[in-house]
Amino acid sequence: MAERTSRIQGFYKLPMGERLRTIAEMTGLSEDEVKTLSNLGNLPPEIADSMIENVIGGMTYPFAIATNFKINGLDYLVPMVIEETSVVAAASNAARMLRYGEGIRAEAGPQEMISQIHLVNVTAPQYKAMKIIEAKQEILEHAKQQDPTLLKYGGGPRDLEVRVIDSRMGPVIIVHLIVDVRDAMGANTVNTMAEAIAPMLEKVTGGQARLKIVSNYATRRIVRAWARTPADEVGGLDVAKKIVEASILAEIDPYRAVTHNKGIMNGIIAVALATAQDHRAIEAGAHAYASRTGHYRPLSYWEVDEHGFLVGSIELPLQVGIVGGATRVHPVAKIALKILNVKTAKELSEVMAAVGLAQNLAALRALVTEGIQKGHMRLHARNLAIMAGATGDLIDRIAEKMISDGRIRYDYAKELLEKYLRGEPT
Ligand SMILES: CC(C)(COP(=O)([O-])OP(=O)([O-])OC[C@H]1O[C@@H](n2cnc3c(N)ncnc32)[C@H](O)[C@@H]1OP(=O)([O-])[O-])[C@@H](O)C(=O)NCCC(=O)NCCSC(=O)C[C@@](C)(O)CC(=O)[O-]
Ligand SMILES: NC(=O)C1=CN([C@@H]2O[C@H](COP(=O)(O)OP(=O)(O)OC[C@H]3O[C@@H](n4cnc5c(N)ncnc54)[C@H](OP(=O)(O)O)[C@@H]3O)[C@@H](O)[C@H]2O)C=CC1
């Protein structure tokens, strides 16, 4: 085995196969392990090697379709990529409960991103803030020139906002460039514009521009979804009221709110992965929004209305695109968008918010009725059987036996496997 060291100068310059061999030799990977790792699945090697750096192989997650979604009166087949059992089943389950009327309603506002330009060493910052406002049209015009394609699609810079913030290094000026990015996630677009206008801002203020970068706190890209369904769809008024109690717990206790929101993100991130979105940006923005009052809150609420219907609503920022980033590079993301059949980034964000709301309902309903483990662990039983070493039809036999015995555990899966292999009765 070659010496194990992390200092590998010029590793990135090696061809992908050589990088893999280098790592395999250093870490003692077997031939089988090398073969598994080098399988890029449905990603062509040249794409894999250019999407990120130092690539040595691929890792495939399952690609699934959540069924039953009716959003704004339209049926959607929702692609999901995720490693967690029961998320897709749960989304489909709740989507079925929310098909009443037009199904889940969803509405996103303009697709505006914020880019920040951070100015330091500005003398008389309050006055200079006014001078920036005075030069606004000229600055926006310059920003516009950076992206003719975006202008062609009706997007482009919309506004400039200026704040003076006190800090431990004295006052700093933060300029927000607001850009309608149309169907792109928009980070690259607005970063280019921010860098282009920074010298103008330096000239106007006499200060120095430091950071010029998108803000992932995408408060100008809010999406809302809401749904109303007869209580019978979720198991009756008693269940509906318990779902409301669970929702209230998330409102008063951040320890619960974080898990409540995690359940929402199960659905949103699964769609984000299937369509190759920047899911870190989505997560960061969503959790910041959940804390906007200074207190971490749930992103969704459940209530019972005056007719005894269960009603739910969700509001969060979503920064997603159907062009740009990896969305048109990854062949599977392109297929996902085709299956989803969304025409704009706005529509994609509406679908994602609706999925988040349904995902949340499925989890809360399970939590206030049979508990999460029953449905989740039933579906997880096959994973445990595989982890224990089962193959072929033994996977289902072991999973079913664990479910019927109510003992869905790894040690029991192992015990059953050994018994089956020895031909003993179980
Ligand atoms: C798991 C279910 C759906 C079973 O639920 P069930 O009542 O046994 O399902 P069912 O057999 O009555 O089927 C109802 C529908 O569910 C779907 N469905 C049902 N089974 C499948 C399956 N195998 N594969 C795909 N889809 C499935 C399917 O759409 C089906 O409709 P149909 O097609 O028959 O007309 C239910 O128990 C459930 O919704 N559980 C919630 C599970 C969940 O939320 N999992 C997320 C992971 S846990 C977590 O990370 C988040 C959490 C929970 O901590 C968040 C929080 O605390 O808020
Ligand atoms: N903090 C963050 O979130 C950061 C994220 N990123 C990354 O940035 C990427 C996303 O940036 P993004 O700007 O979307 O990517 P791209 O630059 O790849 O795509 C946007 C470009 O697509 C072109 N375009 C074509 N059709 C349209 C349309 N209908 N609507 C809008 N634009 C259109 C535009 O011009 P043209 O064709 O002229 O390019 C536009 O500038 C992601 O990979 C993300 O991970 C990068 C830095 C920081």
Side-chain angles (χ1 to χ4, degrees), residues 51-52 64-69 80 82-97 99 111 113-116 146-156 179-194 212-218 234-235 243 246-247 249-250 255-267 269-270 276-285 298 300 319-330 343-346 358-382:
M51 268 178 81
I52 60 168
I65 299 292
T67 53
N68 306 329
F69 273 92
M80 287 185 145
I82 192 159
E83 87 301 343
E84 190 177 359
T85 319
S86 87
V87 169
V88 180
S92 310
N93 191 21
R96 203 181 58 151
M97 298 170 196
R99 288 183 66 82
Q111 300 298 295
M113 290 298 279
I114 299 167
S115 196
Q116 299 195 291
Q146 309 309 311
D147 202 329
T149 314
L150 187 60
L151 296 190
K152 196 176 89 194
Y153 288 107
V179 184
D180 184 332
V181 295
R182 293 280 129 161
D183 295 317
M185 181 269 187
N188 281 333
T189 312
V190 301
N191 290 345
T192 305
M193 290 183 188
K212 305 137 207 148
I213 187 80
V214 66
S215 169
N216 291 114
Y217 193 24
V234 297
I243 290 170
S247 179
L249 175 60
Y255 281 87
R256 173 58 207 157
V258 172
T259 320
H260 179 106
N261 289 344
K262 185 274 182 188
I264 291 171
M265 299 318 277
N266 273 344
I269 296 301
Q277 304 299 322
D278 185 333
H279 52 95
R280 291 82 56 205
I282 293 172
E283 285 275 8
S300 71
Q319 42 208 305
V320 295
I322 59 163
V323 296
T327 57
R328 294 271 168 100
V329 175
H330 199 301
K343 308 285 182 303
T344 58
K346 175 179 177 301
Q359 198 74 59
N360 180 227
L361 172 62
L364 296 188
R365 185 182 173 279
L367 286 168
V368 302
T369 53
E370 61 190 22
I372 203 74
Q373 290 305 69
K374 190 161 175 244
H376 182 74
M377 290 308 282
R378 276 179 71 87
L379 294 173
H380 189 51
R382 293 183 90 255

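Atoms within a ligand are numbered from 1 in the order they appear, just like the ligands themselves. Predicted model, so just to flag it, every value in this text is computed and none were measured.
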>> Please report whether ligand 2 has a polar contact with Val323, defined as an N or O pair separated by less than 3.5 Å (distance criterion only).
In response: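 N/O-N/O distance under 3.5 Å: no.
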> Would you say Thr189 has any N or O atom under 3.5 Å from an N or O of ligand 2, going by distance alone?
Replying inline: yes
At a non-hydrogen distance cut-off of under 4.0 Å, which region of [X] contacts ligand 2 (side chain, backbone, both, or neither)?
X	result
Thr192	neither
Val214	side chain
Asp183	both

Using heavy atoms and a threshold below 4.0 Å, how should the contact between [X] and ligand 1 be classified: side chain, backbone, both, or neither?
X	answer
Asn68	side chain
Arg365	neither
Lys262	side chain
Ala366	side chain
Met265	neither
Glu370	side chain

> For Ile372, is the nearest heavy atom under 4.0 Å from an atom of ligand 1?
Replying inline: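 Yes.
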>> Check for me whether Arg378 has a heavy atom closer than 4.0 Å to any atom of ligand 1.
In response: no
Can you report which non-hydrogen protein atom sits closest to [atom], along with the distance?
atom	value
atom 23 (C) of ligand 2	Thr149 CG2, 4.2 Å
atom 17 (O) of ligand 2	Asn188 CB, 3.3 Å
atom 7 (C) of ligand 2	Ala187 CB, 4.1 Å

With heavy atoms of [X] as the reference, note each atom of ligand 2 found under 4.0 Å away.
X	value
Gly324	15 (O), 16 (P), 18 (O), 19 (O)
Val181	30 (N), 31 (C)
Leu150	31 (C), 32 (N)
Asn191	47 (C), 48 (C)
Asp278	3 (O), 5 (C), 44 (C), 45 (O)
Asn216	1 (N), 2 (C), 3 (O)
Arg182	30 (N), 31 (C)

Could any protein non-hydrogen atom be found less than 4.0 Å from [atom]?
atom	answer
atom 53 (C) of ligand 1	yes
atom 8 (O) of ligand 1	no
atom 29 (O) of ligand 1	yes
atom 37 (O) of ligand 1	yes
atom 39 (O) of ligand 2	no

> Does the pair Val214 and Asn191 meet the rule for a side-chain contact (heavy atoms from CB on, under 4.5 Å), with working shown?
Replying inline: CA-CA 6 Å; Val214 66; Asn191 290 345; 3.5 Å; yes
>> Please tell me whether Ser300 and His260 have a donor and an acceptor in their side chains that are separated by less than 3.5 angstrom.
In response: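 Present: a donor and an acceptor within the cut-off.
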> Strictly by modelled atom types, are Gln319 and Asp278 linked by a side-chain donor-acceptor pair under 3.5 Å?
Replying inline: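 No.
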> Do Arg378 and Glu370 meet the salt-bridge criterion of a basic N to acidic O distance under 4.0 Å?
Replying inline: no
>> Quick test of your reading of the structure: of Leu379, Asn93, Ile264, Leu367, whose heavy atom lies closest to atom 39 (O) of ligand 1?
In response: Asn93
>> Counting only heavy atoms, tell me which of Gly156, Ala284, Gly325, Ala184 gets closest to atom 42 (C) of ligand 2.
In response: Gly325
> Any N or O of Thr85 that comes nearer than 3.5 Å to an N or O of ligand 1?
Replying inline: no
> Within the structure, does Ser86 bring an N/O atom to less than 3.5 angstrom of an N/O atom in ligand 1?
Replying inline: yes
> Between Ile269 and Glu283, which heavy-atom pair has the shortest distance, and what is it?
Replying inline: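 Scanning both residues, the minimum pair turns out to be CG1-OE2, 3.3 Å.
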>> Quick check: closest heavy atoms across Ala362 and Ala90, and the distance to 0.1 Å?
In response: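 Smallest interatomic distance, heavy atoms only, reads CB-O, 3.2 Å.
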Looking at [X] and [Y], would you say the former's side chain and the latter's main chain have a donor-acceptor pair under 3.5 Å?
X	Y	answer
Arg182	Leu150	no
Ser115	Val190	yes
Ser92	Val88	yes

> So, does Gly186 sit close enough to ligand 2 that a heavy atom of it is under 4.0 Å from the ligand?
Replying inline: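 Yes.
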